[in-house]
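One structure below.
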Amino acid sequence: MSDFATNAQQPIIDMQNVAVGYDGTDVLSNIHLSLQPGSFSFVTGRSGSGKTTLLSMLYLIKKPSKGILNVFGNNINFTNRQNLALLRQRIGVVFQDFRLLEHLSVYDNIALPLRVRGMNEKEVSRRVMELLKWIEMHRSVYQLCSTLSGGEKQRVAIARAVINRPDILFADEPTGSVDAEIAEKLMRLFVELNKVGTTVVIATHNEQLTSEYNFQRIELSSGTAKLYPALQKI
Amino acid sequence: MDKELIRKNEITVEDEDTSLFMYVLSSIYMYLFVVVLAMVMAIHAMVNNWEKDIVGAITVQVSPVEDANKKIDKEKTEQQVNKVLQYMENVSGVKSVHVLDDKNIEKLMTPWLGTKIDIATLPIPKLLDVQLDTDESLNYDEITQGLHKLTPNASIDNHRLWLNKLLKFAGSLNTLALAVLIMVIAICAFSIYYSARTSLNININSIEILHIIGAQDDYIARQYARSYGKIGFFAGVIGLMFAVPSIIIIGKYGISTGSGLLNGAGLSPFSWVLIMITPIFSYFYARITAYYTVRKSLEKMC
Ligand SMILES: Nc1ncnc2c1ncn2[C@@H]1O[C@H](COP(=O)(O)OP(=O)(O)OP(=O)(O)O)[C@@H](O)[C@H]1O
Ligand SMILES: [Mg+2]
């Protein structure tokens, strides 16, 4: 599976003439883009421009209505359900609204990506406990997610996204509902993950963020996406 | 590992509001299933018993023909007996036929009539002993009709005819009971199907999260299988708990009516074992039905 990682030339995500939308109407079309493994990208655009739509196609929940989408070198149009699930196991997602399983504990939520991969419970426990300490939630292991504060939920959501050490991490408006200080902390975390090799894609309309961190940008406007490289440091 | 860390299903049908309904409904179905199953097995045992009685031989009797003076027409009677004899010999499933001669009948009659009476002058029916092939069952209706065409004086031994009618009745009863069993099984499948689909729709959000995280359909379907297996086993046990006393009471009542017919209706130890393992059957049945419902539904849903 990770034979892909040895081939640095091959993009981790590649779109050729891709269109995506809802019920026959395309929100985005004519997309020609590729992302290199280990890259860090922002997805920007006005509200309603299609950031969430694009991301949900890239984390393999929506199919493109047109064109060729390659993820990890697999043409998504020719990938069956089982293999799609296997590809998704290599992807971490942080949603704007967290999307935790509220009736489950902090522990069970974070353990989820490991369990769907069939990891044994001992190893699951070891990894979850380690991560819980790191996000400073080890005192709330058994607490139900429905009773957590917004900031705690976000930490759990991030822990769940990174626990299986994904090859790609998507975050949709991760700084949307937190104050500047936490937003700053979060960004440092994403940068750290990127440094150890994770490809990171963050959708945001926070301009302060995109100007503060000099990464490449996928700009969504007039129904398509264009890639703008990071500015050269002067 | 800590008790709290014992993993929970991400999707637990048992906790949903509709699950109480499922528990109650499926318990009732399982009660019905077990009682009818017992009935099928009891009828089967009873029929087997009767059949043992019936096979082997039958008796055909030919009443003597009387002339205008109410005297026995020996010659005509003889002719009819021969016709019946020929007819019976050609019925498939009949091994041999022979006419019980008057001496035999005389022997049978002497205790009542004494030795001084000429038996030939009495209106005593001629008896034909018909030996049967044991493995072939006779069509009694056809024989009765055939005999009737030959002569209205010939008839098959009543007791056996009556038993045969009863056998037929038991056969239709059994078919009916089997139909009820199949219906219960089908209704259970439909109930599981619709409730699992409803639950999938209720849990669509969790399922989407599971999918995004990379869960296979199998992973989700197994959770449903676990939940429904639990419901199935529970319903099987509750149904059984109520069914066993019912079966015993019905059995006792049936036997105390005193008719020898029900003597063969007892359930064999094997039947009791079958009844006792119905919860295991319902467990696997619910599991498998839920599993495939969810697999198929997920493929259509998303
Ligand atoms: N489930 C849906 N069905 C139909 N149309 C949808 C659906 N979800 C989004 N859309 C439409 O697709 C367009 C793009 O929506 P999307 O959520 O991708 O925008 P966005 O860039 O993420 O916006 P925001 O910054 O507000 O999150 C919008 O016009 C929206 O109305
Ligand atoms: Mg959005």
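First the proteins, then the strands, lettered A, B, ... as listed; each starts at 1. None of the values given here were measured: they were computed from a predicted structure.
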- Sorted by chain and number, sequence neighbours left out, salt bridge (Lys or Arg N to Asp or Glu O under 4.0 Å) with R165(A) holds for none
- Across all chains, not counting sequence neighbours, the salt bridge (Lys or Arg N to Asp or Glu O under 4.0 Å) partners of R117(A) are none
- Task: Would you indicate whether the side-chain heavy atoms of L112(A) and L210(B) approach each other to under 4.5 Å?
- Result: yes
- So, do I209(B) and R160(A) sit near enough that their side-chain heavy atoms are less than 4.5 Å apart? yes
- Note on the structure: Okay, L84(A) and chain B: the region with an atom under 4.5 Å from a heavy atom over there is neither
- Polar side-chain atom of H103(A) near backbone of I11(B) as donor-acceptor pair, under 3.5 Å: no
- Message: Looking at E208(B), is its backbone amide N or carbonyl O close enough to the side chain of R99(A) to form a donor-acceptor pair, meaning the two atoms are under 3.5 Å apart?
- Response: no
In terms of heavy-atom contacts, does [atom1] of [X] have more than 12 from other residues, nucleotides or ligands at under 6.0 Å?
X       : atom1 : answer
E123(A) : CD    : yes
F281(B) : CZ    : yes
Y22(A)  : OH    : yes
H138(A) : NE2   : yes

- Query: Considering residues at least two apart in sequence or located in another chain, which fulfil the side chain to side chain donor-acceptor pair (under 3.5 Å) criterion with S29(A)?
  - Reply: none
- For residues A85(A) and A215(B), report the shortest heavy-atom separation together with the two atoms involved. CB-O, 3.9 Å
- Query: If you take all heavy atoms of I213(B) and P113(A), which pair is closest and at what distance?
  - Reply: CG2-CA, 3.4 Å
- Query: Top residue by heavy-atom pair count (under 4.5 Å) with chain B, among V128(A), L101(A), N164(A), V124(A)?
  - Reply: L101(A)
- Segment of D217(B) engaging chain A (4.5 angstrom heavy-atom cut-off): side chain
- Note on the structure: Ordered numerically, the heavy-atom neighbours of chain B under 4.5 Å found in residues 55-67 of chain A are Y59(A), I61(A)
- Note on the structure: Rounded to the nearest 0.5 Å, the CD atom of Q216(B) sits from the CG atom of N83(A) at a distance of 8.0 Å
